[in-house]
Amino acid sequence: MKALGGHSRRIRRLRPGTRVIATGPFGALTAARRTRPKVLLIAGGVGITPMRALFETLPGGPGEITLLYRAGAAEQLVLRSELEAIAAERRAGLHYLLGSSDAAYDPLAPQALLALVPDLSEHDVYLCGPPGMAEATRSALLRAGVPAGRIHSECFTF
């Protein structure tokens, strides 16, 4: 957990065994939003944390769940071994989209998304990442034929 505010800093001082009350989830990134058998998860930055949970827990058979994880470089990928273990166990798709966000090639452009997920318009899409990435990806998903009602997103800003 990153210490980004008063509450997250205090959490680091908790001793093991301390009782806490947790609530939620309250946002759009819950299984209750799902309307289709196939799901595409798209994560960037800290957005990988809710996607990791969905990647492991969303019901689905082989080939029904795919995770696209956007990062500047391989060294920036977190939870990599966990994601790979989940993908192997569930026979789910996992793709790392690496490279600078200002590069000529955009791995989250409509054509690139359709190359990775040809039946993209048949998926529910869960999207979580930094504001610029989330906005651009939402636009790309719409241009690729995903209905707006099937795009479930949260944007993390700090």
Side-chain angles (χ1 to χ4, degrees), residues 1-8 10-12 14 18-71 76-97 106-110 112-158:
M1 174 179 277
K2 288 186 177 182
L4 298 170
H7 292 295
S8 56
R10 284 194 290 273
I11 287 174
R12 290 180 169 209
L14 290 176
T18 301
R19 291 180 181 226
V20 298
I21 297 174
T23 60
F26 296 110
L29 300 179
T30 69
R33 300 287 179 124
R34 186 175 182 181
T35 65
R36 311 296 290 185
K38 291 187 176 184
V39 174
L40 175 63
L41 308 170
I42 303 175
V46 66
I48 191 60
T49 52
M51 294 303 169
R52 184 252 178 255
L54 289 171
F55 194 48
E56 182 176 33
T57 62
L58 277 177
E64 291 183 336
I65 310 289
T66 301
L67 171 62
L68 305 181
Y69 184 5
R70 178 79 172 102
Q76 295 174 328
L77 297 171
V78 296
L79 308 174
R80 187 173 188 166
S81 60
E82 289 180 38
L83 296 172
E84 291 172 358
I86 293 166
E89 182 177 318
R90 300 195 70 190
R91 294 188 286 167
L94 174 61
H95 303 278
Y96 302 119
L97 309 177
D106 179 5
L108 293 172
L113 291 170
L114 287 165
L116 287 170
V117 186
D119 59 345
L120 179 59
S121 65
E122 297 301 315
H123 286 64
D124 266 307
V125 180
Y126 290 78
L127 168 64
C128 190
M133 175 253 178
E135 290 167 20
T137 303
R138 180 177 176 75
S139 176
L141 289 163
L142 292 169
R143 290 192 323 272
V146 179
R150 286 199 223 132
I151 302 172
H152 318 291
S153 64
E154 292 285 341
C155 184
F156 289 156
T157 56
F158 298 110

Before giving the answer on side chain to side chain contact (heavy atoms under 4.5 Å, CB included), spell out for I48 and L67 the whole-Å C-alpha distance, their side-chain angles and the decisive distance to 0.1 Å. CA-CA 10 Å; I48 191 60; L67 171 62; 4.1 Å; yes
Taking the side chain as everything from C-beta on, heavy atoms only, tell me whether I42 gets closer than 4.5 Å to L97. no
What's the separation between atom CG in L54 and atom CZ in R33, rounded to the nearest 0.5 Å? 12.0 Å
NE2 of H152 to SG of C128, rounded to nearest 0.5 Å, is 13.5 Å
Restricting to non-hydrogen atoms, name the atom on L94 and the atom on A87 that form the minimum distance, rounded to 0.1 Å. CB-CB, 4.0 Å
Would a distance-only check, ignoring hydrogens and angles, find a side-chain to backbone donor-acceptor pair under 3.5 Å from R90 to I65? no
Whether R138 side chain and L141 backbone form a donor-acceptor pair below 3.5 Å: no
With a 4.5 Å cut-off on side-chain heavy atoms, are L114 and L116 touching? no
Y69 versus M51: any side-chain heavy-atom pair under 4.5 Å? no
Note: F55 and A92 closest approach over all heavy atoms is CE1-CB, 3.7 Å
So does V125 get a backbone contact from the side chain of R36, meaning a donor-acceptor N/O pair under 3.5 Å? no
Is the count of non-hydrogen atoms from other residues, nucleotides or ligands lying under 6.0 Å from R91 atom CZ greater than 12? no
What's the shortest heavy-atom distance between G145 and S121, and which atoms? O-CB, 3.3 Å
Heavy atoms of A71 and Q76 approach each other most closely as C-OE1, 3.8 Å
Could you tell me the separation between the OG1 atom of T49 and the CG atom of L29, rounded to the nearest 0.5 Å? 9.5 Å
For the CG atom of L113 and the NE2 atom of H95, what is their distance to the nearest 0.5 Å? 11.0 Å
Closest non-hydrogen contact found for P130 with G44 is CD-O, 3.5 Å
Please answer whether the main-chain N or O of L79 pairs with a side-chain N or O of E82 as donor and acceptor at a distance below 3.5 Å. no
Working to the nearest 0.5 angstrom, can you tell me the gap between D124 CG and T35 OG1? 3.5 Å
Is there side-chain contact between R52 and L41, with at least one heavy-atom pair below 4.5 Å? no
Quick one: are L83 and L77 in side-chain contact, heavy atoms under 4.5 Å? no
So CG of D106 and CZ of R70: to nearest 0.5 Å the spacing works out to 6.5 Å
Would you say the side chain of T66 lies within less than 4.5 Å of the side chain of K38, judging by non-hydrogen atoms? no
Heavy-atom check, side chain of V78 versus side chain of V46, under 4.5 Å: no
